[in-house]
Amino acid sequence: MVKFQDFQLSPSILKSLKRIGFEETTPIQEQSLPFSLAGRDIIGQAQTGTGKTAAFGIPMVERTDARVKAPQGLVIAPTRELAIQVSEELHKIGYDKKVQVLAVYGGQDIQRQIRALKKQPAIIVGTPGRLLDHMNRKTVDLSRIRIVVLDEADEMLNMGFIEDIEAILEKLPAERQTLLFSATMPERIRQTALRFMKNPEFIKIRSKEMTVPQIDQYFVKVEEKDKFDALTRFLDYHSPDLAIVFGRTKRRVDELSEALSIRGYTAEGIHGDLSQAKRLSVLRKFKEGNIDVLVATDVAARGLDISGVTHVYNFDIPQDPESYVHRIGRTGRAGNSGMAVTFVAPREMGYLREVEKTTGRRMRRIDVPSLKEAIEGQQRLAMEKIHAAISENDLSLYREAAEELLSESDPVAVVSAALKLLTKEPDRTPVKLSFERPLPAKRTAKNRKTSVKQKEAVNGQKYFRRKTAGKR
DNA sequence: AAAAAAC
């Protein structure tokens, strides 16, 4: 086991790491620190939850010089929530070195940020849009940046984002260290990344080396119109402690969280159209356990470290395999096991194949739980509640009433009644959910030949393509 | 084609 003490780190950083409780390195830290501390560029592939933030945070804090009154480290993150989370962790790592860390992101009062930037924090963590805004206003000084990090880089270098990133990187000193981290590494992203970097060292944490343990991956074939009832069956059967349901669009997320609330689940939605205050409060409630089900677009797919998520349901299969990897990475963290269930409309089977190709793992097919199984799941939960109440509470105040009940009725009947009252019975309240078109059929290798022929035959008429959807 | 990201 390699420890942080084995590296040549400043005493102040070792002190902070000790306070956080970091002693042994994770694989990504062990393999990247020798290069990053030596000033080399790095392209690192690892999931979140593997200690990535400390892997770049330690060299970044190490590199800052308290005597220089200007930002020296810059982290760019794809979502606001991730920027906040990263800045909090960097703050902890830099605490004893007295390194100031500032997060700048959209949706927050810009005047407040400008005042904070005037104090010249040593490290800035930001989202691309707001960072550019500050650069144009000349309210941020990036002339002394010595080390820059692109976090969740596959997302950052995607179409649409790339121009922003390029514009930011162009304004940074050429004499700098660039670290790039990403959970997935498509060839296209790798090529783009190389343009910004100098002789980078590639570090890849293979999945068996990841501290992220096994996530059991399943898929269920279900028609669009049956999806919602299927979801509630799964929620009842699994009775997850904390679950995330991913939907494809913002409207979908609104409708789903509303529908789940109507059926008696404590659910709330999160997506990019909500105010930043609302986004943060939903996330906080979820982290505190005051919401059982978080319904989300891909805004919540990347990088967020929420511990204790037991189940991920992909209500809609993601279009990009990379997105799938990020989504299921929200569960099975910090040594816990996790379960991911992906809903697939029959004609979307081609996407499932693509995802499996990317992850290198097969998903096991399961069926929608039966009504009986759903009820059993809720009864199991009720029994757990009773067990917990017995071991955790002082029940002396209830003894007399309990004895009275038992003297009047059959003991099994008394307990059955208590169980019934504690069991959430399947709710069939009708709910409104707009019809979401399944993704267009994706041609798989098996049926490609025929589909090309058919396409020619009908001169590209869309409805014919449906017939060529993959079968499984 | 959707989502994220600036006002």
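Throughout, a chain's letter reflects where its sequence line sits, starting with A, and its residues are numbered from 1. We use all heavy atoms of the structure for the numbers below, so side chains are in, but hydrogens, waters and symmetry mates are not. Just so it is clear, the model here is predicted, and its values are computed rather than measured.
Against DNA chain B, the stretch residues 291-299 of chain A makes heavy-atom approaches under 4.0 Å through A:Thr297, A:Val299.
Every side-chain contact (heavy atoms from CB on, under 4.5 Å) that A:Ser257 has, sequence neighbours left out, goes to A:Val295. For the side-chain contact (heavy atoms from CB on, under 4.5 Å) test, residues two or more places apart in sequence or in another chain that qualify with A:Ala103 are A:Ser87, A:Tyr105. Scanning for side chain to side chain donor-acceptor pair (under 3.5 Å) contacts around A:Arg195 gives A:Glu166, with sequence neighbours left out.
Across all strands shown, A:Asn158 has no heavy atoms under 4.0 Å from either base or sugar-phosphate atoms. Within 4.0 Å of A:Arg252, counting heavy atoms only, lies no atom of the nucleic acid at all.
If you take CZ of A:Phe246 and P of B:dA2, they are 19 Å apart, rounded to a whole angstrom. If you measure from atom CG of A:Asp164 to atom P of B:dA6, you get 9 Å, rounded to the nearest angstrom. The distance from atom CZ of A:Arg112 to atom C1' of B:dA6 is 17 Å, rounded to the nearest whole Å. Regarding A:Glu322, its CD atom lies at a distance of 19 Å from the P atom of B:dA2, rounded to whole Å. Counting to the nearest Å, the P atom of B:dA5 and the CD atom of A:Gln113 are 14 Å from each other. Put simply, CD on A:Glu163 is 14 Å from C1' on B:dA4, counting in whole angstrom units. Atom CG of A:Leu439 and atom C1' of B:dA3 are 14 Å apart (whole Å). Taking atom CD1 of A:Ile165 as the reference point, atom C1' of B:dA5 lies 10 Å away to the nearest angstrom.
At B:dA5, one or more side-chain N or O atoms of A:Arg80 fall inside 4.0 Å of OP1 or OP2 (strictly under the cut-off). Note on A:Arg279: every side-chain N or O is 4.0 Å or more away from OP1 and OP2 of B:dA4. The side chain of A:Thr79 places no N or O atom within less than 4.0 Å of a non-bridging phosphate oxygen (OP1 or OP2) of B:dA5.
For A:Asp133, counting side-chain heavy atoms from C-beta on, the closest listed nucleotide (B:dA6, B:dA1, B:dA4) is B:dA6. Side-chain proximity of A:Asn136 to the nucleotides B:dA2, B:dA6, B:dA4 is greatest for B:dA6.
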Side-chain donor/acceptor pairs under 3.5 Å, residues 56-68 of chain A, sequence neighbours excluded:
unit_1, atom_1, unit_2, atom_2, d
A:Glu62, OE1, A:Ser10, N, 3.1
A:Glu62, OE1, A:Ser10, OG, 3.4
A:Glu62, OE2, A:Ser10, OG, 2.2
A:Arg63, NH1, A:Gln177, OE1, 2.5
A:Arg63, NH2, A:Ser36, O, 3.4
A:Arg63, NH2, A:Leu37, O, 3.4
A:Thr64, OG1, A:Val61, O, 2.7
A:Asp65, OD1, A:Arg67, N, 2.9
A:Asp65, OD1, A:Arg67, NE, 3.1
A:Asp65, OD2, A:Arg67, NH2, 3.0

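Residues A:Gln113 and A:Gln108 have side chains that bring a donor and an acceptor to within less than 3.5 angstrom of each other. Remark: the A:Asp241 side chain and the A:Thr310 side chain contain no N/O donor-acceptor pair separated by less than 3.5 Å.
Annotation: ring-ring contact (aromatic ring centres under 6.0 Å, His included) contacts involving residues 238-265 of chain A, sequence neighbours excluded, comprise A:Phe234-A:His238, A:His238-A:His311, A:His238-A:Tyr313.
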